[in-house]
Amino acid sequence: MDLKKLAAALIPDGDLLPIEEYENIYPERVRAPKAEVTRLAPSPTGFIHLGNLYSALADERSAHTTGGVFYLRIEDTDEKRKVDGAVESVIRSLKYFGIDFDEGAEIDSPLNNYGPYYQRQRAKIYRAFVKDLIERGLAYPCFCTAEELDAVREEQSAEKKTTGYYGEYAKCRNLTEAQIYEKLNAGIPYVIRLKSQGSILNKIAFRDAIKGEVTVTENDQDVVILKSDGIPTYHFAHAIDDHFMRTTLVIRGEEWLSSLPVHIELHKVLGFKPPRYAHTSSLMKMDGGTKRKLSKRKDPELSLDYYRKAGYYPVAVVKYLMTLLNSDFEEWSLKNHDADYRTFKFRIEKMSRSGALFDLDKLNDVSKTEISKLSAEECFNFLNGWVQEFGTDKDRAHFENKEYIIKVLGLIMGVGGKKRRKDIERAEQGVRLIDYFFDDTFAPEYSYRFGKDTVNTVLDEFIKVYDPADDNTVWFSKVKAIAPLIGFAAETSEYKKNPEAFKGNVSDIAEILRIAVTGMPNSPDLCTIMNILGKERSVKRLKAAKKENKCYN
Ligand code: GLU
């Protein structure tokens, strides 16, 4: 058979470069010997999930802890799955979690020397290589229809044979030259298949960067490499791209492990040295006592938008994922409490071989700890980010007053104090905590534990003596001074000695004031709260609390 003529008939493009040229167009990268070149290669479906973030973090860390490069390639060979804005959404979502690409699709970078980074724009490169394989007798056209392929599959299943296009089932492998041209002339659509040289009798030993030694059976399937629309399949495109984008380490989900024999053969026939592969285990969760994969349908926490909307602190999500990626991260993190997680020595080889268990409660704990470490300014920026996107109009108006909010946050988060507040998991909780510092969201419940006369006396007396210039000690002495007027103990020690002698205690007086000013029986330091609110507002609240004290028991 005249293979050159056949290749020209099947791939008629007149503008393909000789394949050798691509080695010069995309030369080896100049990099340190251990520097890794990694990539995220999503299809532009618009759905980016926790598994992608998990994988992207492993990619990004592998590249950046070795002085390498992390790039974004868009695998858009399946036009039907494309969603507008999906690429921007991938970049934005990962950026939210502090993950940035060095080069790639839609990335403005001087390093963009290995593009285009959209597979559909690389069609000429793939077609040049497919043509070369046909010329070398390693690929051939297949005219089988979907119905024919289904029928073969059914027959194979019925006979309990491996399904697929191989050996005796690879009908088009043996078409004569005349038969091929007859079909071509009749305009019958065709795909191009690899003419596999492998046999399932052979085993290949392979070293996965995560799973270690793996033995796989050689491929014997004549897989499709070029679809009837002239665009390659994932298998073929990724082999070409990872070679010419000079990827050194491919990190991808373990669902691709079964395609590895095909990929090994593709690299072999193309004359490429394969990159190292690292197949990550799926993220799992406990569900009613059993472990199962996180599912798009059942688990909202699989979507990355979930974390943004719920207002998780992004560094907390990343740090939690780091504990799943490298089991020694947690210990490191405890020892290096304030260190940036990026200073941890991440290594792909330390990743677990079995499924990583994703536990939302643990994430919440990490989140609480991380939020408790923020300065008032950092806390403002974090909460403000959430408020601008997901808060109410009132929240947004409040956050215009940055100086005031920073003062409030300093107090309620215990910034600079000995005891930091450690119960905030998400932005929304933090935002709701400052509601009572604004009149339009101050919603007191006035749940006093004392009767009307006691409450009114406390409020009246305090209004008389309150001076915002008082420091904490003077402020408290004024609270104490009210005690004898209502039969309360001015000193807790006094009260403890003889509780029957008093109707209450000085802390009960403070509670009445607290409920009046904040609407709640518990709050941070009340003297400081009143200072932040200012005299006018504080007194107004003390008065309003008295008039309205209709919930007395
Ligand atoms: N485009 C593939 C996917 O969406 C990427 C697999 C890989 O990373 O090689 O899963």
**OP:** For Tyr341, enumerate each residue passing the ring pair (Phe, Tyr, Trp, His ring centres under 6.0 Å) test, keeping only those at least two apart in sequence or located in another chain.
**Re:** none
**OP:** Flag the pair Val223 / Arg193 as yes when at least one side-chain heavy-atom distance between them is below 4.5 Å, and no otherwise.
**Re:** no
**OP:** Salt-bridge test for Lys171 and Glu148: reply yes if a basic N is under 4.0 Å from a carboxylate O, no otherwise.
**Re:** yes
Subject >> Residues forming a side-chain hydrogen bond (donor to acceptor under 3.5 Å, both in side chains) with Thr162, sequence neighbours excluded >> reply: none
Original post:
Does Phe344 have its ring centroid less than 6.0 Å away from the ring centroid of Phe329?
Top reply: yes
Original post:
Pairs in or reaching into residues 197-228: which pass ring-ring contact (aromatic ring centres under 6.0 Å, His included), with residues at least two apart or in two chains?
Top reply: none
**OP:** May I ask you to establish whether Arg246 and Tyr71 are in a cation-pi arrangement, using a distance under 6.0 Å from NZ or CZ to the six-membered ring centre and at most 45° from the ring axis?
**Re:** no
Original post:
Does a side chain donor of either Tyr320 or Asp359 reach within less than 3.5 Å of an acceptor in the other side chain?
Top reply: no
Subject >> Ser282 OG to Phe358 CZ distance, which is reported to the nearest 0.5 Å >> reply: 14.0 Å
Original post:
Which value, rounded to the nearest 0.5 Å, describes the distance between Asp242 atom CG and Thr247 atom OG1?
Top reply: 3.5 Å
Subject >> Flag side-chain contact, heavy atom, 4.5 Å: Lys95 against Asp100 >> reply: yes
Subject >> Partner set under side-chain contact (heavy atoms from CB on, under 4.5 Å) for Asp78, not counting sequence neighbours >> reply: Lys80, Arg81
Original post:
So do the side chains of Met413 and Ser372 get within less than 4.5 Å of each other, counting heavy atoms only?
Top reply: no
Subject >> Trace of the side chain to side chain donor-acceptor pair (under 3.5 Å) decision for Tyr114 with Asp241 >> reply: CA-CA 9 Å; Tyr114 292 84; Asp241 292 346; over 6 Å; no
Original post:
Is it true that Phe399 and Phe380 have ring centroids separated by less than 6.0 Å?
Top reply: yes
Original post:
Got a salt bridge between Glu36 and Arg31, using NZ or NE/NH1/NH2 to carboxylate O under 4.0 Å?
Top reply: no
Original post:
Ion pair present between Lys131 and Glu135, side-chain N to carboxylate O less than 4.0 angstrom?
Top reply: no
**OP:** Could you tell me which residues satisfy salt bridge (charged side-chain N to carboxylate O under 4.0 Å, His left out) with Arg207, sequence neighbours excluded, listed by chain and number?
**Re:** Glu213
Original post:
Centres of the Phe272 and Phe244 rings: under 6.0 Å?
Top reply: yes
Original post:
side-chain hydrogen bond (donor to acceptor under 3.5 Å, both in side chains) with His243: which residues, sequence neighbours excluded?
Top reply: Glu23
Subject >> Test: Glu103 and Arg29 ion pair at under 4.0 Å >> reply: yes
**OP:** Could you tell me the separation between the OG atom of Ser55 and the CD atom of Glu60, rounded to the nearest 0.5 Å?
**Re:** 12.5 Å
Original post:
When the aromatic ring centroids of Tyr234 and Trp256 are compared, is their separation below 6.0 Å?
Top reply: yes
Original post:
Under the salt bridge (Lys or Arg N to Asp or Glu O under 4.0 Å) rule, what pairs show up with a residue in residues 266-275, not counting sequence neighbours?
Top reply: none
Subject >> Beyond-backbone contact of Lys293 with Lys285, side-chain heavy atoms, under 4.5 angstrom >> reply: no
Subject >> SB check Lys211 Glu254 (cutoff 4.0 Å) >> reply: yes
Original post:
How about Tyr312 and Phe382: are their ring centroids closer than 6.0 Å?
Top reply: no
**OP:** Could you tell me whether the side chain of Met351 reaches within less than 4.5 Å of the side chain of Asn326, counting heavy atoms only?
**Re:** yes
Subject >> Main-chain N/O of Glu425 paired with Ser367 side-chain donor or acceptor, under 3.5 Å >> reply: yes
**OP:** Over 60° means perpendicular and under 30° means parallel, so classify the ring planes of Tyr22 and Tyr26, tilted if in between.
**Re:** parallel
Original post:
Which is it for Arg61 and Asp59 under the salt bridge (charged side-chain N to carboxylate O under 4.0 Å, His left out) test, yes or no, and what are the steps along the way?
Top reply: CA-CA 6 Å; Arg61 288 293 78 211; Asp59 278 316; over 6 Å; no
Original post:
Charged N to carboxylate O below 4.0 Å: is that the case for Asp13 and Arg127?
Top reply: yes
Original post:
Taking atom CD of Glu88 and atom OG of Ser93, what is their separation to the nearest 0.5 Å?
Top reply: 11.0 Å
**OP:** Show your working on side chain to side chain donor-acceptor pair (under 3.5 Å) between Thr217 and Lys203 and close with a plain yes or no.
**Re:** CA-CA 5 Å; Thr217 303; Lys203 300 279 176 211; 2.8 Å; yes
**OP:** Could you check if a side-chain atom of Ser62 sits within less than 4.5 angstrom of a side-chain atom of Phe346, using non-hydrogen atoms only?
**Re:** yes
Original post:
Name the one of Leu383, Asn384, Val431 that satisfies side-chain contact (heavy atoms from CB on, under 4.5 Å) with Asp395?
Top reply: Val431
**OP:** Could you pull out all residues at least two apart from Asp287 that satisfy side-chain contact (heavy atoms from CB on, under 4.5 Å)?
**Re:** Arg292
Original post:
How many angstroms lie between atom OG of Ser196 and atom CD of Gln221, to the nearest 0.5 angstrom?
Top reply: 8.0 Å
**OP:** For the pair Tyr166 and Tyr169, evaluate ring pair (Phe, Tyr, Trp, His ring centres under 6.0 Å) and give the outcome as yes or no after the intermediate values.
**Re:** CA-CA 5 Å; Tyr166 62 95; Tyr169 300 104; 5.4 Å; yes
**OP:** Would you please name every residue forming a side-chain hydrogen bond (donor to acceptor under 3.5 Å, both in side chains) with Asp84, sequence neighbours left out?
**Re:** none
**OP:** Using the test side-chain hydrogen bond (donor to acceptor under 3.5 Å, both in side chains), find all partners of Glu389 that sit at least two apart in sequence or belong to another chain.
**Re:** Arg308
Subject >> Rounded distance [0.5 Å steps], OH in Tyr96 versus OH in Tyr307 >> reply: 12.0 Å
Subject >> side-chain contact (heavy atoms from CB on, under 4.5 Å) against Ala41, all qualifying residues, sequence neighbours excluded >> reply: Arg39, Arg73, Glu75
Original post:
Do Ile264 and Asn219 have side-chain heavy atoms sitting under 4.5 Å apart?
Top reply: no
Original post:
Counting distance only, does the side-chain N/O of Arg122 pair as donor-acceptor with the main-chain N or O of Pro116 below 3.5 Å?
Top reply: yes
Original post:
Who pairs with Ala8 by side-chain contact (heavy atoms from CB on, under 4.5 Å), at least two apart in sequence or on another chain?
Top reply: none
